Trainee: 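Please read through the structure below; I'll follow up with questions.
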There are 2 protein chains.
Amino acid sequence: MAKPQNSPITEHLAYLLAQANREINRQLELRLSKEGVPVEQWRILKVLSDGDGHSMGELADAVLLNHPTLTKMIDRMVSDTLVYRVQDPNDRRKVLMFISDRGKVLSKKLNSLAADQEEHILESYGDKSTSELKRLLESLIDSSN
Amino acid sequence: MAKPQNSPITEHLAYLLAQANREINRQLELRLSKEGVPVEQWRILKVLSDGDGHSMGELADAVLLNHPTLTKMIDRMVSDTLVYRVQDPNDRRKVLMFISDRGKVLSKKLNSLAADQEEHILESYGDKSTSELKRLLESLIDSSN
DNA sequence: CTTCAATCCTTGAACATTCAATATTTTCCA
DNA sequence: TGGAAAATATTGAATGTTCAAGGATTGAAG
């Protein structure tokens, strides 16, 4: 009588994703720490870099943060004069976020640090695997909606 | 003179991983919430299911938690009598964690809920994509050490 | 054998996140 | 139009996580 074959946790997709995410994130954090900025703030600055105003809700979705968490992170970034709030004239429930000049300067530095990482991954992991992995992840995300 | 082409954040591997991880984790959380258990506790129970004693350090690595976070989560699980601590007789700095009978019962229910999810992913995302994605993730994790 | 460094886990304080509730504005429809 | 329902953002309390430090044990070097 065989024991019920329980697949080890390392075979679950959810686990592999968590593990890979954790590792890549850790590496990215390490680079961005040169500028003393958490990953989420890099994402926020990057999204706002288009110069358009983005509402909090939009931004929360884009940077993968819950609304209250984003509000408080934005509070810090406003204190650091990296971004600023403007009330949306078309819908006064909304707040539009903009990147400041100081934010733009920082954003560029961070982009370059992040690009370093992508480069490093390409080297150690391979061009082909990387693009294939990205493709599969995009498709997984799509299929989950 | 073209503007420096800044790749959108959605093209970064780090971002895609975070997004996919968030989504899959959200789905898993939803299922496990039927038993009122966070994903990390499922992982802990699953790892301990082999019946062997696992030290806190070992466990922290396996379930992707920092040591102090694990200590406090284990405190809660001990209160719920899902697991228990035993001082390692061979090295008294270490604590060995074991799963209780109650923990085993819960673990089985959780495994089945988690299996449901994997099944659901297989259906909507496809057999082939799933195994290919797992393969690539494993290889990414390997190449990051 | 003694001492010093390393390993392992836990603790307490600082910090961050989340949940539920709230305030404001807009939308919808009766 | 008027008023209820929905959408948006924030707040405060509860909760969880992290950082730095500490206590205990082991290993290793003199």
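This is a predicted model, so every value here is computed, not measured. In what follows, chains are A, B, ... by sequence order, proteins preceding strands, each numbered from 1. Side-chain atoms are counted along with the backbone in the values below, which use heavy atoms only and exclude waters and symmetry mates.
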Trainee: Roughly how many Å is it from CG in B/L65 to C1' in D/dC19, rounded to a whole number?
Mentor: 16 Å

Trainee: Out of D/dT17, D/dA7, D/dG12, which has the shortest distance to the side chain of A/R93?
Mentor: D/dA7

Trainee: Quick one: is D/dG23 close enough that its OP1 or OP2 comes under 4.0 Å of any side-chain N or O from B/R92?
Mentor: no

Trainee: When you get a sec, tell me which of D/dA6, D/dT26, D/dT11 is the closest nucleotide to the side chain of A/P68?
Mentor: D/dT11

Trainee: Reading DNA chain C 5' to 3', which nucleotide is the first, and which the last, to come under 4.0 Å of any heavy atom in chain B?
Mentor: C/dT7 to C/dA13

Trainee: Tell me whether the OP1 or OP2 atom of D/dT8 has a side-chain N or O from A/S55 closer than 4.0 Å.
Mentor: no

Trainee: How many whole angstroms separate atom NZ of A/K94 from atom C1' of D/dA6?
Mentor: 13 Å

Trainee: Would you say D/dT17 has OP1 or OP2 under 4.0 Å from some side-chain N or O of B/N66?
Mentor: no

Trainee: Within this structure, what is the CG-to-P distance between A/L70 and D/dT8, rounded to whole angstrom?
Mentor: 14 Å

Trainee: Rounded to whole Å, please give me the gap between CD in A/E58 and P in D/dA7.
Mentor: 16 Å

Trainee: Considering only NZ, NE, NH1 and NH2 on the basic side and carboxylate oxygens on the acidic side, decide whether A/E132 and A/R135 come within less than 4.0 Å.
Mentor: yes

Trainee: Roughly, in whole Å, what's the span from CG in A/D88 to P in D/dA7?
Mentor: 17 Å

Trainee: What's the NE2-C1' distance between B/H67 and D/dC19, to the nearest Å?
Mentor: 14 Å

Trainee: Return the value, rounded to whole Å, for the distance between atom CE of A/M97 and atom P of D/dA9.
Mentor: 11 Å

Trainee: Anything under 30° is parallel, anything over 60° is perpendicular, the rest tilted; go ahead and classify A/W42 against B/H12.
Mentor: perpendicular

Trainee: Any non-hydrogen side-chain atom of B/T71 less than 4.5 Å from a side-chain atom of B/M56?
Mentor: yes

